[in-house]
Amino acid sequence: MFKLTYGDLNRDGRHDAAILMRATDPSLIEATDSEYYPTDDTNPFLLVIAFAEDGGYRRIATHHHLLPDLLAPIHGDDAAEVTISRNVMSLTLGQLRGHEIYRFRWDGRKLAEIGYECSWVSGAEGHTGSLSANYLTHRARVGEGNIQDGEAYRWVKLKPLPLKAIDDGALGEDHGKQVNGKILPC
């Protein structure tokens, strides 16, 4: 097990669980030429969500591909973080020059992706960008700017799309990131 967090996801007052696991296959730990990180662990992750019930837990969703296999310090990545607060599960992925946050809520049938956030900084130029999309309100805040002057923000309307379940397999790819045919940052 990698990370375990508890919180009420289905509003029944019980401590549901989100478990983030990572395989440990030695053949997927590769040597690097970095003086700081001699190995790169490319073992895949698995996220499991379970509801508390009398006598134990019942698995309601899993996701094998939400986290990249190359989440490793050699790439400037931080370890993934899973939290549950106010009936929403958030999965945060840190990267060398930014982050991504996926937000999910139980809708009675599935753990649905209700929001997505990201931010980034480009190399030497210092350009910055951010996106905070709310799939329930179909609105997103888009920020663009630079490190020195900060970001200017604008609000955009998102095309209403059906909410994707966490185990659909294609979260965050283009869902809610397209406005008038233009892909938003991140």
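We're numbering straight along the sequence, starting at 1. Keep in mind that what you see is a predicted model, and the values were worked out from it rather than measured.
Residues Ala133 and Leu158 approach most closely at CB-CD1, 3.9 Å, considering heavy atoms. Closest approach of Ala61 and Ile166 over heavy atoms only: CB-CG2, 3.4 Å. Heavy atoms only, all atoms of each residue included: Asn146 and Asp149 are closest at OD1-N, 2.6 Å. For the residue pair Arg154 and Val156, the shortest heavy atom distance occurs at NH1-CG1, 3.2 Å.
Among residue pairs with one or both ends in residues 118-141, none qualify as salt bridge (Lys or Arg N to Asp or Glu O under 4.0 Å); sequence neighbours excluded.
Test Leu4, Thr62, Leu20 against Val48 for side-chain contact (heavy atoms from CB on, under 4.5 Å) and you get one pass: Thr62. The only member of Ile84, Asn87, Val88 that meets side-chain contact (heavy atoms from CB on, under 4.5 Å) when paired with Leu9 is Ile84.
Here the NZ atom belonging to Lys164 is positioned 15.5 Å from the CD1 atom belonging to Ile114, to the nearest 0.5 angstrom. Atoms OH and CG, from Tyr116 and Leu91 in turn, are 11.0 Å apart once rounded to the nearest 0.5 Å. We find the CG-CG distance between Leu163 and Leu136 to be 6.0 Å, quoted to the nearest 0.5 Å. The structure places CZ of Arg105 at 5.5 Å from CZ of Arg11, a figure rounded to the nearest 0.5 Å. Atom CH2 of residue Trp106 and atom CG of residue Asp12 lie 11.0 Å apart, to the nearest 0.5 angstrom. Here the CG atom belonging to Leu47 is positioned 14.0 Å from the CZ atom belonging to Arg22, to the nearest 0.5 angstrom.
A salt bridge is absent between Glu113 and Arg103; no separation between the charged side-chain nitrogens and carboxylate oxygens falls under 4.0 Å. Electrostatic pairing of Asp16 and Arg58 does not count as a salt bridge here, judged by no charged N lying under 4.0 Å from a carboxylate O. Between Lys110 and Asp107, at least one side-chain N (NZ, or NE/NH1/NH2) sits under 4.0 Å from a carboxylate O, which counts as a salt bridge.
Leu131 and Val121 are assigned to two separate hydrophobic clusters, defined by single-linkage of ILVMFWY side chains at heavy-atom distances under 4.5 Å. The hydrophobic cluster containing Phe45 does not contain Ile101, counting ILVMFWY residues as joined when their side-chain heavy atoms lie under 4.5 angstrom apart, directly or transitively.
Side-chain contact between Glu53 and Arg14 is present, with heavy atoms from C-beta onward closer than 4.5 Å. Under the 4.5 Å side-chain criterion, counting only non-hydrogen atoms from C-beta, Tyr102 is not in contact with Thr92.
Relative ring orientation between Tyr6 and Tyr57 is described as tilted, the plane-to-plane angle lying within the 30° to 60° band.
Atom NE2 of His138 has more than 12 neighbouring heavy atoms from other residues, nucleotides or ligands inside a 6.0 Å radius.
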Side chain to side chain contact (heavy atoms under 4.5 Å, CB included), that's the test. Do Met89 and Ile49 meet it? Break it down for me. CA-CA 10 Å; Met89 184 187 79; Ile49 298 90; 3.8 Å; yes
Run the side chain to side chain contact (heavy atoms under 4.5 Å, CB included) check on Lys3 and Glu81 step by step: do they pass? CA-CA 8 Å; Lys3 305 243 177 170; Glu81 194 66 41; 3.2 Å; yes
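Side-chain polar atoms of Glu151 and Ser130 form a donor-acceptor pair below 3.5 angstrom.
No donor-acceptor pair under 3.5 Å is formed between the side chain of His15 and the backbone N or O of Gly7. Side chain of Thr5 to backbone of Ala18: no donor-acceptor contact under 3.5 angstrom is found.
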